[in-house]
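First comes the structure, then the notes that go with it.
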Amino acid sequence: MEQRLRPWVAGIGVQSFEAGGTVVHAPDTATTLVLCTASEGAYVVGPRDRARYRVGGDARRTVVRLAPGRAQAVLDVPVDELVDRVVPLSEVWGRPVGDEAALRSALLRRVTATDPKRSDLVHAAARLLRAHGVAETARALAVSERHLRTLFTGAVGLSPKQFARVDRVRRVVARGGRGGWARLAAELGYYDQAHLSREFRATMGVPPGAYLAGDLPDATYC
């Protein structure tokens with residue numbers, strides 16, 4: 001990743017899908033920029049607090065995950081207006097983006113003209129919320145809980161509590177139950193295994209064991 005993008009971008013990857021397969025749109029704390037070959041267009045995909053399951057077609061996507069707390073500064077729009085939405089990037093930036101080179105160029109222009117200090121507090125809060133509660137995070141940043149919630153929700157799209165819940169469920173998915181559910185629950189800060197299972201089911205639509213076994217909810221067509 002180019003050095004100038006590091007403060008702004010959490011990762012860049014490529015996803016491929018086969019026709020007729022179930023595409024899992026996992027819950028996500030991040031706002032992403034997606035370049036899709038099937039539609040030959042670029043989109044802003046807002047954060048999601050629940051998983052979505054779709055039947056997709058053949059497609060290849062380049063996905064740019066914006067760093068936690070940075071999306072509002074990069075896009076210059078309140079991220080809470082993008083929650084669970086897919087918006088053409090041209091509507092946000094006022095110009096079409098048709099390929100990877102154009103997406104990279106447009107992103108570099110945006111970050112070069114933006115001061116990262118505008119979003120440093122929320123970015124720091126996102127890091128702290130992975131291991132601490134909202135009250136403790138607010139104290140560490142010397143702001144009130146109310147002020148933190150207002151800033152965070154506008155910049156991230158999710159409230160601090162929603163962010164922490166989705167981030168934790170994503171880590172459960174990434175760990176895949178290795179080491180046992182009770183141990184995983186303790187390591188990730190759940191009260192117990194039952195708490196992990198409740199939050200996972202509310203977010204992913206099925207219990208963790210069913211998800212790992214491929215027993216997914218019925219997919220809808222894109």
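Below, each value reflects all heavy atoms present in this structure, side chains not excepted, and no hydrogens, waters or symmetry copies. A quick note: this is a predicted structure, and the numbers were derived from the prediction, not measured.
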Nearest atoms (heavy-atom pairs only) where [X] meets [Y]:
X    : Y    : value
V143 : L121 : CG1-CD1, 3.9 Å
A125 : L148 : CB-CD1, 3.8 Å
F152 : L158 : CD2-O, 3.3 Å
V172 : Y190 : CG2-OH, 3.8 Å
G157 : P47  : CA-CG, 4.1 Å
T29  : V156 : O-CG1, 3.8 Å

Backbone of [Y] reached by a side-chain donor or acceptor of [X] within 3.5 Å:
X    : Y    : value
R110 : V74  : yes
T203 : E199 : yes
R178 : R175 : yes
R61  : V14  : no
R52  : R50  : yes
R171 : R130 : yes
H132 : T137 : no

Listed by chain and number, what are the side-chain contact (heavy atoms from CB on, under 4.5 Å) partners of A155, not counting sequence neighbours?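 side-chain contact (heavy atoms from CB on, under 4.5 Å) list for A155, sorted by chain: Q72, V122.
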Salt-bridge contact E145-K161 (side-chain N to carboxylate O under 4.0 Å):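 K161 and E145: not salt-bridged.
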So, R183 and E187, do they make that salt bridge, N to O below 4.0 Å?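 Salt bridge flag = yes for E187 with R183.
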Establish whether [X] and [Y] are linked, either directly or via other cluster members, by ILVMFWY side-chain heavy-atom contacts under 4.5 Å.
X    : Y    : value
V92  : W8   : yes
V111 : W93  : yes
V64  : L82  : yes
L35  : L75  : yes
L128 : L151 : yes

Check the pair V44 / T31 against side-chain contact (heavy atoms from CB on, under 4.5 Å), numbers first and verdict last. CA-CA 7 Å; V44 179; T31 297; 3.7 Å; yes
May I ask you to test the [X]-[Y] pair for a side-chain heavy-atom distance under 4.5 Å?
X    : Y    : answer
R65  : V9   : no
V34  : T62  : no
R4   : L108 : yes
M204 : V169 : yes
V173 : F200 : yes
P160 : L129 : yes
V83  : R48  : no
S90  : V97  : no

Spacing of [atom1] belonging to [X] relative to [atom2] belonging to [Y], to within rounding of 0.5 Å:
X    : Y    : atom1 : atom2 : result
L188 : R170 : CG    : CZ    : 13.5 Å
L66  : S119 : CG    : OG    : 10.5 Å
R85  : Y43  : CZ    : OH    : 14.0 Å
R149 : S144 : CZ    : OG    : 8.0 Å

Do S105 and R109 pair up side chain to side chain, a donor and an acceptor below 3.5 Å, judged on atom types alone?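 Their side chains do contain a donor-acceptor pair, which is all the 3.5 Å distance test asks for.
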Kindly write out the residues that satisfy salt bridge (Lys or Arg N to Asp or Glu O under 4.0 Å) with R118, not counting sequence neighbours, or none if the list is empty.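 None.
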According to salt bridge (Lys or Arg N to Asp or Glu O under 4.0 Å), who are the partners of D120, at least two apart in sequence or on a separate chain?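 Checked D120 against salt bridge (Lys or Arg N to Asp or Glu O under 4.0 Å); matches are R70.
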Would you say CG of D115 has more than 12 non-hydrogen atoms from neighbouring residues, nucleotides or ligands within 6.0 angstrom?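 Yes, because the 6.0 Å sphere around CG of D115 holds more than 12 heavy atoms from other groups.
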For a side-chain contact (heavy atoms from CB on, under 4.5 Å) check, start with the C-alpha distance between V24 and Y211, then their side-chain angles and the critical distance, and finish with the verdict. CA-CA 11 Å; V24 180; Y211 180 84; 3.8 Å; yes
Should L5 and L107 be marked as a side-chain contact (heavy atoms from CB on, under 4.5 Å) after you check the CA-CA gap, both sets of side-chain angles, and the distance that decides it? CA-CA 8 Å; L5 292 179; L107 183 57; 3.9 Å; yes
